[in-house]
Amino acid sequence: MALLESGENYLETILVLTKKNGSVRSIDIADAMQFTKASVSRAMSILKRDNYIIMQPDGSIILTKEGQKKATSVYDRHVTLTRFINEVLGVDVEIAEKDACRIEHIISPETFAGIKAQLSQKKAK
């Protein structure tokens with residue numbers, strides 16, 4: 001099943017929180033995303049059903065191999081687009097971050113590859 005923008009955002013948040021804290025629970029996601037626990041609980045049920053996460057008996061949430069792959073891809077697009085918008089276009093980092101968060105879900109693989117190439121060329125200079 002295709003993952004919607006909200007699902008990608010949840011996976012990205014789980015990845016970031018896991019890197020930051022070592023483990024993540026629904027309450028951590030709710031706090032980070034400023035969503036209700038009920039909304040997070042529903043989203044976790046969907047992500048679990050679609051095999052993106054595993055809910056541990058202690059309440060911790062672990063990304064499956066597929067979840068890790070998808071979360072890493074979304075996070076890479078987020079970081080790369082933020083850098084591009086900020087460094088190449090000269091947009092304030094806060095605005096770049098917000099715009100990247102929206103663009104990361106709809107950008108084509110071809111356009112994203114072009115942006116990555118531009119950043120690599122900029123870095124090599």
Side-chain angles (χ1 to χ4, degrees):
M1 173 173 251
L3 193 61
L4 301 176
E5 179 178 334
S6 62
E8 289 184 347
N9 284 335
Y10 277 108
L11 292 176
E12 183 180 16
T13 299
I14 293 167
L15 177 71
V16 170
L17 289 173
T18 300
K19 285 182 178 185
K20 181 180 173 186
N21 302 331
S23 66
V24 62
R25 298 166 56 100
S26 291
I27 189 69
D28 303 319
I29 298 165
D31 290 344
M33 297 180 82
Q34 298 180 335
F35 290 162
T36 65
K37 289 190 282 186
S39 294
V40 173
S41 178
R42 178 167 166 21
M44 293 306 104
S45 294
I46 293 167
L47 292 175
K48 181 180 176 185
R49 179 197 71 204
D50 293 345
N51 199 37
Y52 288 108
I53 64 167
I54 297 168
M55 301 285 291
Q56 299 287 71
D58 69 355
S60 61
I61 299 165
I62 299 171
L63 293 167
T64 62
K65 185 176 180 180
E66 186 63 30
Q68 181 76 32
K69 180 179 171 185
K70 187 65 173 178
T72 300
S73 173
V74 174
Y75 185 67
D76 179 46
R77 291 192 310 261
H78 182 95
V79 170
T80 301
L81 289 167
T82 299
R83 272 193 60 221
F84 181 80
I85 295 166
N86 176 249
E87 295 175 15
V88 176
L89 303 180
V91 175
D92 177 77
V93 72
E94 282 188 35
I95 294 170
E97 179 103 25
K98 287 178 185 174
D99 289 346
C101 193
R102 297 300 307 262
I103 296 167
E104 70 194 30
H105 304 287
I106 60 169
I107 193 167
S108 71
E110 296 81 6
T111 300
F112 183 65
I115 288 172
K116 280 190 106 160
Q118 283 287 93
L119 283 175
S120 292
Q121 288 176 358
K122 184 179 185 307
K123 193 175 186 179
K125 291 181 181 181

Student: Supply the atom-to-atom distance Ser73 OG to His78 NE2, rounded to the nearest 0.5 angstrom.
Tutor: 13.5 Å
Student: Would a single hydrophobic cluster contain both Val40 and Leu15, if residues Ile, Leu, Val, Met, Phe, Trp and Tyr are joined by side-chain heavy-atom contacts under 4.5 Å?
Tutor: yes
Student: Decide side-chain contact (heavy atoms from CB on, under 4.5 Å) for Met44 and Ile61; before the verdict, give the C-alpha distance in whole Å, the side-chain angles of both, and the deciding distance to 0.1 Å.
Tutor: CA-CA 9 Å; Met44 293 306 104; Ile61 299 165; 3.7 Å; yes
Student: If I take atom CG from residue Asp50 and atom OG from residue Ser45, how far apart are they, to the nearest 0.5 angstrom?
Tutor: 11.0 Å
Student: Please name the pair of heavy atoms, one in Val16 and one in Tyr75, separated by the smallest distance, quoted to 0.1 Å.
Tutor: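 Shortest heavy-atom separation between Val16 and Tyr75 comes out as CG2-CE1, 3.6 Å.
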Student: State plainly whether one hydrophobic cluster holds both Leu47 and Ile54, where clusters connect Ile, Leu, Val, Met, Phe, Trp and Tyr through side-chain heavy atoms under 4.5 angstrom apart.
Tutor: no
Student: Is it true that Ile106 and Phe84 fall in one hydrophobic cluster, defined by side-chain heavy atoms closer than 4.5 Å?
Tutor: no
Student: Please enumerate all residues that pass salt bridge (Lys or Arg N to Asp or Glu O under 4.0 Å) together with Glu5, with sequence neighbours excluded.
Tutor: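 Only Arg102 meet the salt bridge (Lys or Arg N to Asp or Glu O under 4.0 Å) criterion with Glu5.
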Student: To the nearest 0.5 Å, tell me how far Tyr52 OH sits from Thr64 OG1.
Tutor: 8.5 Å
Student: Would you check, one step at a time, whether the test side-chain contact (heavy atoms from CB on, under 4.5 Å) holds for Glu104 with Glu12?
Tutor: CA-CA 11 Å; Glu104 70 194 30; Glu12 183 180 16; 2.9 Å; yes
Student: Linking I/L/V/M/F/W/Y whenever any side-chain heavy atoms sit under 4.5 Å apart, do Leu81 and Val88 land together?
Tutor: yes
Student: Checking the side chain of Ser60 only, and the main-chain atoms of Gln56 only, is there a donor and an acceptor separated by less than 3.5 Å?
Tutor: no
Student: Return the CZ to NE2 distance between Arg77 and His105, rounded to the nearest 0.5 Å.
Tutor: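 Between atom CZ of Arg77 and atom NE2 of His105 there are 7.5 Å.
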Student: To the nearest 0.5 Å, what is the distance between CG on Asp76 and NZ on Lys116?
Tutor: 3.5 Å
Student: Test your reading of the model: is there a side-chain donor-acceptor pair from Asn86 to the backbone of Asp92, 3.5 Å cut-off?
Tutor: no
Student: Looking only at non-hydrogen atoms, find the nearest pair between Leu17 and Ala32 and report the distance.
Tutor: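 The pair with the smallest heavy-atom distance is CD1-CB, 4.0 Å.
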Student: Please report the C-alpha distance between Ile29 and Phe35 in whole Å, then the side-chain angles of each, then the deciding distance to 0.1 Å, and finally whether the side-chain contact (heavy atoms from CB on, under 4.5 Å) criterion is met.
Tutor: CA-CA 8 Å; Ile29 298 165; Phe35 290 162; over 6 Å; no
Student: Who are the salt bridge (Lys or Arg N to Asp or Glu O under 4.0 Å) partners of Glu97, not counting sequence neighbours?
Tutor: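 Per chain and number, Glu97 pairs via salt bridge (Lys or Arg N to Asp or Glu O under 4.0 Å) with no residue.
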Student: Find out if a path of hydrophobic residues (ILVMFWY) with successive side-chain heavy-atom gaps under 4.5 Å connects Val74 to Ile14.
Tutor: no
Student: Look up atom OG in Ser41 and atom CD1 in Ile46, then write down how far apart they are to the nearest 0.5 Å.
Tutor: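 Reported to 0.5 Å precision, the distance equals 10.0 Å.
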Student: Can you pull the side chain to side chain donor-acceptor pair (under 3.5 Å) pairs that have at least one residue in residues 22-38, sequence neighbours excluded?
Tutor: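 Counting only pairs at least two positions apart or across chains, the side chain to side chain donor-acceptor pair (under 3.5 Å) contacts touching residues 22-38 are Thr36-Ser39.
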Student: Examine distances only and state if a side-chain atom of Thr82 and a backbone atom of Ala100 form a donor-acceptor pair shorter than 3.5 Å.
Tutor: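 No: the side chain of Thr82 does not pair with the backbone of Ala100.
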Student: Looking only at atom types and distance, does a side-chain atom of Thr72 sit under 3.5 Å from a main-chain N or O of Gln68, one as donor and one as acceptor?
Tutor: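 At least one qualifying donor-acceptor pair exists.
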Student: Taking it one step at a time, do Leu63 and Leu11 satisfy side-chain contact (heavy atoms from CB on, under 4.5 Å)?
Tutor: CA-CA 8 Å; Leu63 293 167; Leu11 292 176; 3.6 Å; yes
